[in-house]
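Take a look at the structure set out below.
Atoms within each ligand, like the ligands themselves, are counted from 1 in listed order. All values below were derived from every heavy atom in this structure, side-chain atoms included, with hydrogens, water molecules and symmetry-related copies excluded.
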Amino acid sequence: MKADPSDRARFESLNPASGEVVDSFAVHTDAHIQAVVAAAQPAAQWWDGLGFDARESRLRDWARILAVDIDELATLIHRENGKPLIDARLEVVGAIEHLHWAATHAAGVLGRRTVGRSWLFPNHKPSVGYRPYGVVGVIGPWNYPAFTPMGSIAYALAAGNAVVFKPSEYTPAVGSWLVDSFRQAVPEQPVLSLVTGYGETGAALCAAGVGKLAFTGSTATAKSVMAACAQTLTPVLLECGGKDALIVAEDADLDAAAQAAVWGGLSNAGQTCVGVERVYAVDAIYDEFVSRLNAEARKPRPGSDRAADYGPITMPDQLGIIRGHIEDALDHGATAIVGGRDAVRPPFVDPTILVDTPEDRPAATEETFGPTLTVARVRDVEEAIERANGTAFGLSGAVFSRTRGMEIAGRLRAGMTSINSVITFAVIPALPFGGVGASGFGRIHGADGLREFSWPHAIVAQQAPGPLILQSFRRNPVLTKALLAAVRLRYGRRAPRGVKGSL
Ligand code: NDP
């Protein structure tokens with residue numbers, strides 16, 4: 001790939017806690033991005049040609065590098081995103097788990113397998129295999145700069161694609177580190193490449209000839225990405241935000257629910273797409289739950305020191321949104337039992353728990369992406385479910401109940417739900433991850449995540465000449481008539497009540 005001489009502009013990535021410059025990166029031009037994608041095409045063919053076993057071995061090598069260098073990567077995440085070092089380490093653990101799972105299971109999930117024969121064509125053997133798209137573009141966010149993109153990158157690579165990764169402008173150093181570390185495991189070809197810059201760089205990647213585009217970020221930007229990809233009919237995977245609810249039923253363990261609500265809402269400074277933003281507690285336990293929540297939410301402290309529970313707000317513009325949601329809620333009748341108007345102390349935000357927020361205010365309807373929770377009293381579980389399902393988003397949720405967890409979870413309009421815990425689904429690699437509605441569509445993680453980065457190729461092979469040839473002008477009229485009679489016999493009779501049709 002030839003370097004583009006106009007790639008002179010650079011931008012700096014900063015430590016959000018201190019303002020220190022972490023590193024500087026090129027603002028890549030459209031021509032450069034097209035060149036990177038073009039160079040990735042033969043790399044994709046080479047990588048696909050290695051086959052599942054060789055790819056598994058290379059991806060396990062990469063996982064090994066990440067495991068050995070966990071502290072180096074975590075330190076970079078801590079510096080560039082701001083989260084505490086221990087959280088950064090756990091983030092890398094999650095990334096490694098997914099990488100390992102994708103590598104290990106790709107052959108089983110995507111390898112060609114025979115499927116059921118048709119009684120009409122018993123002499124034909126049908127099979128399905130999953131083929132890679134070629135080059136997949138991954139546009140990543142800054143909130144989990146290693147874990148979240150890995151949910152696309154690992155699964156796309158395991159499926160046999162090359163990947164061009166555009167990290168957020170707030171976390172390019174983490175993105176660059178990931179790509180460099182992959183190169184140690186796969187030095188031969190540019191199977192995983194990096195492009196850097198601002199939103200325009202992401203837009204250029206959409207138009208650069210990728211076979212599929214995986215995006216994580218806001219719903220508004222997802223719409224632009226989808227519109228750009230529509231021009232070339234490039235399929236997209238959109239992982240957008242949420243306004244996730246936690247339901248506390250009357251039979252919940254209230255201590256566990258309060259702890260989970262606080263951690264789910266405040267950890268990572270609330271900058272978690274599947275973080276808890278709303279809590280609905282039923283009337284019977286509401287007062288007791290709120291009192292425990294109140295005590296629990298006073299414990300965590302933001303900061304950049306080793307003892308801090310969560311870090312700064314990574315993206316400075318977000319501070320205004322968080323402040324706006326808190327002030328608007330308070331101006332419209334909400335009460336802050338913890339935190340409040342003074343909670344925003346740039347670059348940090350103190351824990352803020354709002355009760356009695358009107359359901360139509362932004363704090364209850366829009367993604368706040370800060371360490372805040374709205375808590376509402378509901379009559380019963382029915383009302384909790386109705387309110388939890390009452391936003392345009394549908395990413396994830398949580399239910400606390402000793403006996404009714406599955407029943408309540410099954411009625412939530414969300415891609416993922418945890419019962420008696422929060423966010424656990426994200427680190428169980430076999431589970432698909434993604435949302436519905438304004439939270440996007442498509443899935444990373446699990447078998448669905450592997451299939452997301454491949455297309456099904458159906459093959460049917462005639463193994464021996466059969467008696468019934470339908471796909472010919474020399475079709476036998478007697479046999480065709482017999483076939484019609486057989487279909488009437490097979491499907492045309494009313495099944496006795498309670499008996500399922502046979503197939
Ligand atoms: P964006 O949706 O604007 O950005 C997400 C990614 O898309 C970044 O890498 C960004 O690049 C890139 N991008 C921006 N514009 C375009 C474009 N037109 N075409 C292609 N790619 C583009 O989110 P922000 O980072 O600005 O955060 C805004 C809000 O989004 C947050 O407050 C939060 O509510 C939500 N969000 C949700 C996330 C999630 O995990 N679901 C993650 C991040 C944000 P660049 O950073 O260089 O601009």
When distances are taken from atom 45 (P) of ligand 1, the protein heavy atom at minimum range is E169 OE1, 2.9 Å
Take atom 4 (O) of ligand 1 and look for protein heavy atoms under 4.0 Å from it; say yes if you find one, no if not. no
Among the heavy atoms of G197, does any lie under 4.0 Å from an atom of ligand 1? yes
Any idea which part of Q318 is under 4.0 Å from ligand 1, heavy-atom wise: side chain, backbone, both or neither? side chain
Non-hydrogen atoms of F215 versus ligand 1: any pair closer than 4.0 Å? yes
Looking only at heavy atoms, the pair that brings A228 and C206 closest together is CB-CB, 3.9 Å
Here the gap from R443 atom CZ to M416 atom CE, rounded to the nearest 0.5 Å, amounts to 6.5 Å
The answer for which part of A220 has a heavy atom under 4.0 Å from ligand 1 is neither
Sub-4.5 Å side-chain heavy-atom contact between E452 and I444: no
Under 4.0 Å, heavy-atom basis, I'd like to know which part of D317 is in contact with ligand 1: side chain, backbone, both or neither. neither
Show the numbers, then the answer: is there a side-chain contact (heavy atoms from CB on, under 4.5 Å) between L157 and W62? CA-CA 11 Å; L157 290 172; W62 190 26; 3.9 Å; yes
Quick one: does R58's side chain have a donor or acceptor within less than 3.5 Å of a partner on W47's backbone? no
Hey, does E200 sit under 4.0 Å from ligand 1 if you only count heavy atoms? no
protein heavy-atom neighbour closest to atom 28 (C) of ligand 1 works out as M315 CE, 3.7 Å
Name the orientation class of the two ring planes belonging to H32 and H28 (parallel below 30°, tilted from 30 to 60°, perpendicular beyond 60°). parallel
Under 3.5 Å, N or O to N or O, is T221 touching ligand 1 that way? yes
For ligand 1, which is the ligand I care about here, please tell me if S218 has any N or O atom under 3.5 Å from one of the ligand's N or O atoms. yes
Check whether any N or O atom of G140, backbone or side chain, sits under 3.5 Å from an N or O atom of ligand 1, and answer yes or no. yes
